[in-house]
Amino acid sequence: MKKIAIMAILGLCLFGVSGCEQEDAEIIFSITAEEQTSYRQQINVLMDMYYWNYDNDSLTFSSGIVPDRNEENEKMFLASEACEYTMESVAGKQAVIAVGTLLHYNGDNAGELICYFVDEKLSGVFYRGGYDHAVYSLLERNPYMSDGSFVQYENWQGMRTVGYTQQSGSLPDSGFQASGSDGVNVYSAAIVNGKAEIYALSGKTLSRYHTITGPNDLEATDATFMRKEDGTFLLAVLYGHVSSHTHEDRYRVPSDRLILYNNAFGTASEISFDGYAALAVYADGDLLLVSTEQGIETYEESEEGWIKTHRDIMRHRVTQFLSVDVDGDGVREYFMTDGLDLYMYHRVDSGFREVWRTHLGVESFYGALYSGDLNGDGIKELYICDATGTTIRYILTEKGLRSSNEDIDYGQAIYPCDWNMDGVDDYWEVNPAAELSGVLMLSGEG
């Protein structure tokens with residue numbers, strides 16, 4: 001039988017084997033072509049089972065010993081056990097170790113895949129990834145891309161079931177784009193049939209307060225509230241040509257005008273985008289962030305009006321923004337989506353530093369981004385809808401954000417906002433069992 005010889009510098013010491021007297025001793029390690037094929041087939045089955053890919057050409061084989069289970073190696077054993085491969089039962093045994101480049105389904109590099117084979121059977125698996133090259137199980141899909149320096153993490157045990165009363169309202173089932181306050185009322189802006197509809201709480205009823213009709217030939221595509229130092233606000237609304245697009249597509253329609261309205265919803269000023277179009281707008285303090293095909297542009301108000309002062313080049317489009325201090329450390333996180341993936345950044349002197357992201361690469365997210373602390377632990381969750389109108393909830397964990405939809409039914413939507421300004425997030429809930437009718441869950445008793 002023909003052998004395939006693989007030369008390897010003695011690597012046993014790296015895997016916790018004692019008694020390595022000659023560090024640079026060279027050993028001959030060989031496996032047959034049939035054995036290689038068997039190992040690759042087992043890896044292929046593993047990848048299909050857990051929805052991963054790997055670079056077949058990067059795969060290398062070496063001889064080693066399954067490490068002992070100790071404090072240093074505990075994460076390897078736990079990661080492998082999460083995928084039902086108990087390495088402890090083969091600890092100390094001779095193994096063939098396969099190492100290759102792990103890929104997300106969309107082709108993004110995820111890290112280094114490591115598989116242990118004992119007696120030609122897959123007996124252990126984990127990968128190293130993230131900014132710190134840490135050990136993860138194949139169930140952990142999106143580790144942090146850089147250190148977020150978070151001070152606390154979500155302790156998710158489900159939404160609170162007490163402290164809310166069900167109230168009436170007329171907010172659109174598709175939710176709202178943004179919310180803002182003048183210190184007396186909280187207003188939500190929803191885009192409905194090309195117009196910006198403003199909603200506010202009156203007593204315990206959430207209802208339409210005002211409707212803004214833009215220029216005759218343009219339809220509203222996005223909106224954001226900016227709080228002014230004097231306690232008033234500006235409402236910025238993007239307008240574009242949307243008539244030939246579906247309701248869902250409007251989140252990706254370029255717009256060529258931005259009109260700012262004062263807190264009486266009268267026109268205050270305007271920004272025109274010469275030679276290019278805007279995709280989304282977001283108020284970041286007293287700055288306006290406008291996404292275009294070229295990146296994110298920052299506008300500041302001056303005596304001459306709104307002027308562009310900075311441009312950040314991004315590696316993806318931005319169709320929706322959200323900025324919120326998730327963990328309460330005083331540093332705001334910037335969430336963005338291009339409809340395909342979800343991204344989290346920190347804003348630093350050099351621009352936007354990517355902290356975390358998904359790796360989907362397919363149409364996945366629709367509508368606006370929301371945040372709210374709906375379990376009362378002091379940490380904000382993130383909410384966004386998928387193509388079916390079902391909310392996806394993301395929670396902050398030590399290994400990256402993860403979705404937590406165990407209590408969300410198909411077609412159910414959740415839109416958080418503190419409408420009664422009591423410091424507790426309320427939410428508008430769309431229940432698919434009630435033919436997509438929405439109800440206001442308002443904090444406070446009675």
Side-chain angles (χ1 to χ4, degrees), residues 52-55 75-76 79 101-114 126-156 280 282 284-285 287 289 291 294-298 310-361 364-365 369 371 378-384 392-404:
W52 291 95
N53 284 322
Y54 73 101
D55 182 354
K75 290 182 179 180
M76 299 181 189
T101 301
L102 184 66
L103 302 174
H104 293 280
Y105 241 46
N106 68 342
D108 290 344
N109 191 318
E112 184 180 57
L113 174 68
I114 303 171
F126 55 89
Y127 77 97
R128 291 187 177 275
Y131 75 96
D132 54 356
H133 201 57
V135 170
Y136 296 92
S137 89
L138 293 179
L139 296 176
E140 296 166 322
R141 310 203 66 83
N142 302 303
Y144 291 114
M145 310 294 288
S146 58
D147 187 0
S149 299
F150 301 111
V151 299
Q152 57 182 339
Y153 298 93
E154 185 71 56
N155 179 27
W156 185 259
Y282 191 79
D284 184 22
L287 306 176
L289 304 182
S291 75
Q294 292 77 29
I296 295 177
E297 299 183 343
T298 300
H310 186 72
R311 173 184 288 177
D312 291 290
I313 303 300
M314 308 297 289
R315 292 179 294 173
H316 57 86
R317 302 174 83 205
V318 178
T319 58
Q320 291 292 313
F321 286 98
L322 176 68
S323 177
V324 60
D325 180 5
V326 176
D327 60 336
D329 65 349
V331 177
R332 297 181 72 83
E333 282 71 48
Y334 291 78
F335 294 93
M336 306 176 195
T337 181
D338 55 2
L340 307 179
D341 282 289
L342 186 62
Y343 305 83
M344 178 170 65
Y345 292 90
H346 280 154
R347 198 168 194 188
V348 296
D349 292 340
S350 59
F352 289 95
R353 177 171 60 90
E354 187 177 72
V355 177
W356 174 90
R357 61 164 294 183
T358 61
H359 300 268
L360 301 172
S364 306
F365 302 109
L369 287 158
S371 67
I379 304 169
K380 297 282 189 179
E381 309 96 49
L382 190 72
Y383 297 84
I384 187 171
I392 307 174
R393 178 196 295 117
Y394 285 92
I395 62 175
L396 191 72
T397 78
E398 294 185 39
K399 294 187 176 182
L401 272 69
R402 70 170 179 86
S403 60
S404 178

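Source: prediction; values computed, not measured.
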Show the nearest heavy-atom pair for residues [X] and [Y], with the distance to one decimal.
X	Y	result
Arg353	Asp147	NH1-O, 3.2 Å
Val135	Phe126	CG1-CD1, 3.9 Å
Gly330	Asp325	N-OD2, 2.8 Å
Tyr144	Leu396	OH-CD1, 3.3 Å
Phe365	Leu340	CE1-O, 3.8 Å
Ala79	Ser137	O-CB, 3.2 Å

I want to check something: taking the side chain as every heavy atom from C-beta on, are [X] and [Y] in contact at a cut-off of under 4.5 Å?
X	Y	result
Leu289	Val318	no
Leu360	Asp341	yes
Ser371	Leu322	yes
Trp356	Tyr394	yes
Arg141	Trp52	yes
Ile296	Met336	yes
Arg128	Lys75	no
Arg332	Arg347	no

Look at the side chain of [X] and the backbone N and O of [Y], then say whether any donor-acceptor pair between them is shorter than 3.5 Å.
X	Y	value
Tyr282	Ser323	yes
Asp327	Val151	yes
Glu333	Val326	yes
Trp156	Ser404	no
Thr319	Thr337	yes
Ser291	Ala280	yes

Met145/Tyr131 under side-chain contact (heavy atoms from CB on, under 4.5 Å): CA gap, chis, key distance, verdict: CA-CA 5 Å; Met145 310 294 288; Tyr131 75 96; 5.8 Å; no

Between [atom1] on residue [X] and [atom2] on residue [Y], distance to nearest 0.5 Å:
X	Y	atom1	atom2	answer
Leu102	Ile114	CG	CD1	10.5 Å
Leu139	Lys399	CG	NZ	10.0 Å
Ser146	His346	OG	NE2	8.0 Å
Leu382	Met344	CG	CE	9.0 Å
Arg393	Ile395	CZ	CD1	8.0 Å
Gln320	Leu342	CD	CG	11.0 Å

Glu354 bridged to Arg315 by N-O distance under 4.0 Å: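 So Glu354 pairs with Arg315 through a salt bridge.
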
Mutual orientation of the aromatic rings belonging to Phe150 and Tyr153 [parallel < 30°, tilted 30-60°, perpendicular > 60°]: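 Ring orientation of Phe150 relative to Tyr153: perpendicular.
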
Qualifying side chain to side chain donor-acceptor pair (under 3.5 Å) pairs, either residue in residues 102-114, two or more places apart: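 Qualifying pairs, neighbours excluded: Asn106-Asp108, Asp108-Arg357, Asp108-His359.
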
Distance-only donor-acceptor check, side chains Thr358 and Asn142, under 3.5 Å: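 Judged by distance alone, the side chains do not pair up.
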
Residues Ile384, Phe335; criterion side-chain contact (heavy atoms from CB on, under 4.5 Å); working and verdict: CA-CA 11 Å; Ile384 187 171; Phe335 294 93; over 6 Å; no

